Amino acid sequence: MPVLMLKSWDDGPWIDLFTELMPTLDVRAHPDIGDPAEIDYAYVFRPPAGLLASLPNLKGIFSVGAGVDHILADPEIPPGVPISRVVDPDMAMRMTEFCVFAVLYYHRRWPEIATITGRRAWDVPLTPAARDRRVGVMGLGALGGASARALAALGFDVAGWARTPKVLDGVTVYAGSDGFAPFLARSEILLNLLPLTAETMGILNARTFAGLPEGARIINVARGGHLVEDDLIPALDSGRLDGAFLDVFSVEPLPDDHPFWAHPKVTISPHLASIADRRVRAGLVVDGISRLERGERPLHCIDPAQGY
Ligand code: NAP
Ligand code: GLV
């Protein structure tokens, strides 16, 4: 009977779900895992450093989320054990909804409208056509690609930036470090959907902001570590940026006394842009375990050397 160790942020509901989907699975919530040598698979979000290395017979690691930075942050990850992550239309659809909402929030000038109606005034700010609004999407993978396509389908003038060149219908694609400056120069609304890796850490910084059109808005739905937080408020206060919609933060929950809470140009959501359905996520894990038990590789494995 395969044994799965859980170390999520909400272990309780998972046990029944896994047992329903794979009755032969023995599910053990950390720290009550019994003999570590009996654990075959791990389902984790932010495992304590060394936990995975303490499981000598581990055959597969499954990320609770789409991102794996929280797993790779452990310097003792057992080498050679496949790490699979959430890639699913449900996850992509939820992220796309959120990104379209956040882009429309700025495109349709919602922060200004809320201020006007807050004064009970009847001024009408005009909005350019979507075709005249240049949106830039950083990261064109499962989530960035889906969001970029949806924004293009709404008529926005969309460009995307990735590590390697690719073709995406309706999206102008820039790639690699050479493509970054021209990509930024045209991005009035910049949406970040990169994975957090050694290369992308701190990429939303003062230099990047300086490369955007004056008064650009940024939307960060990827990871808090992408943003150099100390660079943001000066950029907003000087008018270099006109708004920041942040779903992720370097410390979560965002501390009570953090200056972002009170800044009039910062919009905050509590890391909820895309939380895929539990049944979908459990289904991916069960599928991955079945594949490994048959001697196959799970779907959606990351390359630890690349960090995503
Ligand atoms: P993905 O499929 O792995 O796509 C990553 C994209 O980023 C790829 O297009 C990749 O380029 C590009 N990229 C990676 N390193 C790069 C670099 N150094 N320079 C330029 N481009 C680079 O990831 P995903 O599934 O779309 O997820 C993206 C991230 O979203 C996750 O890692 C996670 O942090 C975040 N997320 C947040 C939430 C939330 O609720 N806020 C929910 C889910 C996920 P190539 O195509 O050339 O490889
Ligand atoms: C959430 O942030 C995820 O990585 O799925």
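Note that the structure is a prediction, hence the values are computed from the model and not measured. Just so you know, ligand 1 is whichever comes first in the structure, and atom 1 is the first atom listed for that ligand. Below, each value reflects all heavy atoms present in this structure, side chains not excepted, and no hydrogens, waters or symmetry copies.
The proximity of Thr197 to ligand 1, defined as any non-hydrogen pair under 4.0 Å, does not occur for either the backbone or the side chain. Looking at Arg85 against ligand 1, only its side chain comes within 4.0 Å, counting heavy atoms.
Polar contact check, Trp161 against ligand 1: no nitrogen or oxygen pair lies under 3.5 Å apart. At least one N/O-N/O distance between Gly141 and ligand 1 falls below 3.5 Å. Polar contact check, Gly67 against ligand 2: a nitrogen or oxygen pair lies under 3.5 Å apart. The shortest N or O to N or O distance between His70 and ligand 2 is not below 3.5 Å. Checked against a 3.5 angstrom limit, the closest N/O atoms of Ala142 and ligand 1 fall inside it. By the 3.5 Å distance cut-off applied to N or O atoms, Leu143 is counted among the residues near ligand 1.
Using a 4.0 Å heavy-atom cutoff, Lys166 is listed among the residues neighbouring ligand 1. Within the structure, ligand 2 has His271 among the residues with a heavy atom less than 4.0 angstrom away. Ligand 1 has Leu193 within reach: a non-hydrogen atom of the residue lies less than 4.0 Å from it. Within the structure, ligand 1 has Ser274 among the residues with a heavy atom less than 4.0 angstrom away. Every heavy atom of Arg85 sits 4.0 Å or more from the atoms of ligand 2.
Thr197 and Gln306 share no side-chain donor-acceptor pair at under 3.5 Å. Inspection of the His300 and Asp88 side chains reveals no N or O donor paired with an N or O acceptor under 3.5 Å. Side-chain atoms of Thr127 and His107 include no donor-acceptor pair closer than 3.5 Å.
Residues Val173 and Phe183 form no side-chain contact, since every pair of their non-hydrogen atoms from C-beta on lies 4.5 Å or further apart. No side-chain heavy atom of Pro213 sits under 4.5 Å from any side-chain heavy atom of Arg134.
Per-residue contacts place His271 under 4.0 angstrom from the following atoms of ligand 1 (heavy atoms of the residue considered): 39 (C), 40 (O), 41 (N). Heavy-atom contacts of Ala66 reach the following atoms of ligand 2: 3 (C), 4 (O), 5 (O) (cutoff under 4.0 Å). Counting atoms of ligand 1 from 1 in the listed order, those under 4.0 Å from a heavy atom of Glu199 are 18 (N). Residue Val221 has at least one heavy-atom neighbour below 4.0 Å for each of these atoms of ligand 1: 36 (N), 37 (C), 38 (C), 39 (C), 41 (N). The distance from ligand 2 to the heavy atoms of Arg223 drops below 4.0 Å at these ligand atoms: 1 (C), 2 (O), 3 (C), 4 (O). With ligand atoms numbered from 1 in the order given, ligand 2 contributes 5 (O) to contacts under 4.0 Å with heavy atoms of Met91.
Nearest-residue assignment for atom 11 (O) of ligand 1 (options Arg163, His300, Met138; heavy-atom criterion): Arg163. Here atom 7 (O) of ligand 1 lies nearest to Pro195 when heavy atoms of Pro165, Ala198, Pro195 are compared. Among Thr200, Asn220, Leu194, the residue whose heavy atom lies closest to atom 29 (C) of ligand 1 is Leu194. With distances taken over non-hydrogen atoms, the option nearest atom 9 (O) of ligand 1 out of Val86, Asp69, Ile302, Leu140 is Leu140.
None of Leu204, Leu191, Asn220 except one satisfies the side-chain contact (heavy atoms from CB on, under 4.5 Å) rule with Met138; the exception is Leu204.
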**Request:** Kindly determine whether Phe245 and Tyr105 satisfy ring pair (Phe, Tyr, Trp, His ring centres under 6.0 Å), including the steps that lead there.
**Result:** CA-CA 9 Å; Phe245 198 141; Tyr105 173 82; 5.3 Å; yes
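Salt bridge status for Arg109 with Glu112: present, with a side-chain N to carboxylate O gap under 4.0 Å. A salt bridge is defined here as a Lys NZ or Arg NE, NH1 or NH2 lying under 4.0 Å from an Asp or Glu carboxylate O, and Lys265 with Asp237 fails to meet this definition.
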